[in-house]
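In each ligand, atom 1 is the first atom listed, and ligand 1 is the first ligand listed. Model, not experiment: these values are computed from the prediction. Quick note: residue numbers are just sequence positions, from 1.
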Amino acid sequence: MRITVLFILTSLTIMASACKTAPEETIYPSYDDYPVYEGSDLGVRYTPETTTFRLWSPTAEEAKLRFYNQALGGEASRETNMEKAEQGTWTAQFEEDLNGVYYTFQVKANGQWLDETPGPYATAAGTNGKRGQVVDLKATNPEGWAATQRPPLAHPTDIIIYELHVRDLSTHPSSGIQNKGKFLGLAESGAKSPQGLATGLDHIKELGATHIHLLPSFDYLSVDETKLEDNKFNWGYDPHLYNVPEGSYSSNPADGAARIREFKQMVKTLHDNGLRVIMDVVYNHTGATENSVFNQTVPGYYYRHNEDGSFSNASACGNETASERAMVRKFIIESVKYWATEYQVDGFRFDLMGIHDIETMNQVSEALHQVDPTIFVYGEGWTAGDSPLPVEKRALKRHTSQLKDVAAFSDDIRDAIKGHVFTHDDPGFVSGKAGQEGRIRFGVVAATRHPQLNYDSIQIYDADGPWSPGPAQTITYFSCHDNHTLWDRLKLSRPDAPVDERVHMQKLAGAILLTSQGVSFLHAGVEMARTKQGVENSFESPDSINQINWERKAKYKEVFDYYQGLIALRKNHPAFRLRTAEMIQQHLQFLEPGEPNVVAFTLAGNANGDAWKDILVIYNANPEYKTVALPPGPWTIAVDGDHVTEQGLGTVYTDKLAVPGITAMVLFKND
Ligand code: CA
């Protein structure tokens with residue numbers, strides 16, 4: 001189904017006066033009729049002997065390739081007309097060593113030459129991603145790269161994610177890190193705060209997280225790479241080149257090889273230190289719309305549109321991509337596979353995953369798990385606006401059971417713990433809001449089906465009941481880069497509470513998170529009561545708002561110690577990391593404590609091979625002591641409001657326990 005016309009035939013007047021051959025424009029009835037390129041060599045393929053360029057642009061009338069000697073400015077050193085090739089592609093091949101050459105593509109569509117771009121498949125680029133660069137990828141491997149290995153991971157529920165922006169770790173003077181704001185800043189060992197406490201990489205190791213989730217680290221638009229001295233900050237949710245590391249996080253944005261080498265060095269060092277690396281990927285929209293690389297290569301094709309032809313906007317960022325379209329789906333799958341293989345990335349967090357279709361997410365999951373079955377995939381199971389994609393096809397939280405080995409964020413436990421995310425003065429369970437027991441229980445079982453929960457009485461967002469088929473598909477969290485930090489939120493919602501009380505709330509929240517089922521997710525710095533000075537949407541706020549102030553590690557040392565202890569407890573005790581909904585149903589039983597704002601449960605029967613026979617967990621969110629009836633003991637206390645001591649803080653021989661206010665307790669018994 002395609003119609004080929006001579007573009008010049010659209011004007012008989014012109015035809016009458018012009019006798020030369022005109023370039024052909026190919027018109028297709030719909031995007032679904034565009035030819036699909038089945039090969040895997042789009043973009044640049046380099047060897048010292050031959051470099052091949054291939055661009056997919058079925059509607060182009062002509063395509064040009066230009067070479068440049070620099071990343072920005074200057075005239076092209078060479079210009080080549082690309083040859084039309086199979087399945088909508090254009091190619092050019094050079095029998096010479098082009099290592100280091102900058103290049104652009106330019107296509108002519110509807111009689112107009114569009115912008116020069118590096119093409120969507122660029123894997124290396126110069127400053128601001130204006131021009132692609134031919135790079136010998138093998139030469140970018142840091143020393144020892146061939147031997148790099150993903151740290152061991154037995155099951156997704158063993159994962160403890162630490163969500164981090166590259167700049168936030170190192171830009172504060174107290175970080176003691178040399179490579180401030182850079183990928184290499186994550187690869188520095190030995191950095192210390194002025195108080196002599198470990199910062200950066202050593203700190204994350206000390207805390208015990210298993211995975212570092214990096215906010216967007218592909219090449220995005222909002223930070224001008226020609227003005228790095230301005231130290232501009234941005235979260236980076238405005239993608240430009242999906243397969244190129246962000247230039248401002250490298251030592252030299254003009255040098256395409258440096259970006260790649262330094263990203264790899266970061267991954268290698270993290271791997272060597274037992275940490276896996278997750279990328280936050282934003283395939284749901286592009287930073288630019290009309291002038292995006294996609295749109296200047298194949299106008300319209302990569303996007304969904306409204307009935308009037310305008311760009312639809314489920315991302316609330318001006319456009320949304322069309323993952324269900326063959327070459328868009330192929331792009332996303334090949335892109336994540338590229339990061340998983342070339343860079344050894346261990347996981348992918350899909351921004352606004354609900355904009356993508358279920359089938360694409362399942363194909364992404366399958367492709368990645370063929371690369372390595374332990375790669376972890378998760379996403380935001382919602383959109384930021386309406387989409388032309390039918391609701392039933394969207395990869396929404398409520399459709400998690402249709403997703404294979406893809407997890408979704410539980411906004412349910414998030415808001416149960418701290419209050420409604422957009423209602424700033426709304427407290428949650430830990431900060432004194434009544435009636436949250438059901439939602440906390442729902443979070444404890446990772447949004448799975450459990451016989452003791454009455455789902456009709458529990459407020460659940462955008463789903464009718466237990467939306468998760470198992471804990472490996474549930475991200476258990478209460479804060480992330482979006483919105484206020486937990487510490488700021490506790491202050492906003494409980495301005496009356498003294499600091500000491502808010503410290504207890506911060507600790508109780510951590511205890512709930514790390515004793516609940518599902519995949520644990522921590523916003524970087526929560527373990528030292530991180531503040532963004534009350535700024536909620538800090539996406540372009542300066543470093544002074546966003547950066548981690550390492551002085552707080554000493555100031556809130558009790559919070560750090562507590563979170564560290566809870567993480568160790570979780571890692572040492574598989575009962576907190578049950579692998580299936582059936583295991584949760586079998587081993588986890590809620591108690592009826594007979595007091596409001598108290599949730600208590602047992603994990604019985606050496607659950608998941610735990611060394612402890614029975615575990616008892618109690619959360620008391622009331623400001624005062626509550627007395628809870630205990631199952632037959634004696635019980636040994638492992639966690640109270642201040643300490644985590646797996647050897648035991650004492651033994652309870654009575655059948656009742658007075659639990660202090662705003663406190664979690666974990667007890668165990670072995671006979
Ligand atoms: Ca950039």
Side-chain angles (χ1 to χ4, degrees), residues 43-44 68 70-73 102-105 115-133 135 140 164-171 179-186 214-264 266 279-297 315 317-319 321 331 335 338-339 342-343 345 351 481 538-543 546:
V44 181
Y68 293 88
Q70 57 276 83
L72 292 172
Y102 296 95
Y103 68 89
T104 63
F105 297 113
D115 295 347
E116 289 181 55
T117 78
Y121 280 84
T123 55
T127 314
N128 284 334
K130 293 287 189 194
R131 292 170 184 165
Q133 192 176 20
V135 163
T140 64
L164 179 71
H165 187 283
V166 168
R167 290 188 70 85
D168 290 351
L169 189 77
S170 54
T171 55
N179 292 287
K180 287 194 165 34
K182 305 295 181 188
F183 291 129
L184 290 178
L186 274 80
L214 292 176
L215 260 65
S217 294
F218 50 77
D219 191 26
Y220 62 78
L221 286 173
S222 50
V223 170
D224 185 346
E225 297 173 6
T226 68
K227 296 176 180 167
L228 295 188
E229 65 280 9
D230 291 351
N231 284 310
K232 278 278 190 306
F233 176 96
N234 203 284
W235 281 344
Y237 292 91
D238 55 331
H240 177 51
L241 297 175
Y242 288 99
N243 296 337
V244 175
E246 162 60 12
S248 67
Y249 301 156
S250 76
S251 62
N252 181 5
D255 180 356
R259 302 183 188 212
I260 300 169
R261 186 179 306 112
E262 290 164 17
F263 195 107
K264 287 178 174 174
M266 170 185 71
M279 282 185 75
D280 192 336
V281 288
V282 190
Y283 298 105
N284 66 76
H285 75 279
T286 50
T289 301
E290 286 285 353
N291 295 104
S292 75
V293 176
F294 280 152
N295 210 50
Q296 295 296 312
T297 304
S315 69
C317 294
N319 63 74
T321 54
F331 178 85
S335 179
Y338 174 71
W339 286 102
E342 185 66 31
Y343 290 91
V345 166
D351 187 63
H481 70 279
S538 64
F539 77 100
E540 59 177 1
S541 299
D543 286 329
N546 282 293

Participant: Within a 6.0 Å radius of atom NZ on K264, are there more than 12 heavy atoms belonging to other residues, nucleotides or ligands?
Facilitator: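 It does: K264 NZ has more than 12 such atoms within range.
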Participant: To the nearest 10°, how many degrees is the angle E246 OE1 to the Ca ion (ligand 1) to E225 OE2?
Facilitator: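 It rounds to 90°.
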Participant: To the nearest 10°, how many degrees is the angle D219 OD1 to the Ca ion (ligand 1) to Y220 O?
Facilitator: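 That angle is 100°.
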Participant: Under a 4.0 Å N-O cut-off, is there an ion pair linking R167 with D543?
Facilitator: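 Looking at D543 together with R167, the answer is yes, because their closest N to O distance falls below 4.0 Å.
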Participant: Give the intermediate values and the outcome of side chain to side chain contact (heavy atoms under 4.5 Å, CB included) for residues L215 and H481.
Facilitator: CA-CA 9 Å; L215 260 65; H481 70 279; 3.8 Å; yes
Participant: Closer than 3.0 Å to the Ca ion (ligand 1): does that hold for any N, O or S atom in S248?
Facilitator: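 Of the N, O and S atoms in S248, none lies under 3.0 Å from the Ca ion (ligand 1), which means no.
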Participant: Mind telling me whether Y242 and F294 have parallel, tilted or perpendicular rings, with 30° and 60° as the class edges?
Facilitator: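 The arrangement is parallel - the two ring planes meet at less than 30°.
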